[in-house]
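Working notes, beginning with the structure itself.
These numbers come from a predicted model, not from an experiment.
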Amino acid sequence: MDIILKSLASAVITAIILLIAKVSGPKLAGAIGGIPIVFAISYVLLTMKDKTLSREFLVGGVMGAIAAIFFSFILIWLNSQFTKAHWVNFAIAYIACFLFALALVRATAK
């Protein structure tokens, strides 16, 4: 039940960011969403009781941020090369981002 409440809190924050996008435009929503608000709230909720997980969770969040930057670069490059396939480009960049994050975690595992 605890994970459901934590997921709902993250979903509410995501919904707020999407509402900001609807009202104020995608640039502001992207700037706010770029700040890892959902990560920060999830981090606080997950580590309130168990402080030993906090360091690993924080390192994972940094790796996720690096992977997100990688995603942006890959998507921009793909869209510049293949202008008519933007949904395919998104899927490819998303899969590449996931694999990059997975590789970062595997490479730094003890």
- How long is the gap from SG on C97 to CD1 on I66, to the nearest 0.5 Å?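 Rounded to the nearest 0.5 Å, the SG-CD1 separation comes to 11.5 Å.
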- Item | Pairs flagged by side chain to side chain donor-acceptor pair (under 3.5 Å) wherever residues 89-103 is involved - sequence neighbours left out | N79-N89
- Within residues 62-88 or reaching into it, pairs that qualify as ring-ring contact (aromatic ring centres under 6.0 Å, His included) - sequence neighbours excluded: F70-F100, F71-F90
- Item | Closest heavy-atom pair and its distance - L78, A93 |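 L78 and A93 have their closest heavy atoms at CD1-N, 4.1 Å.
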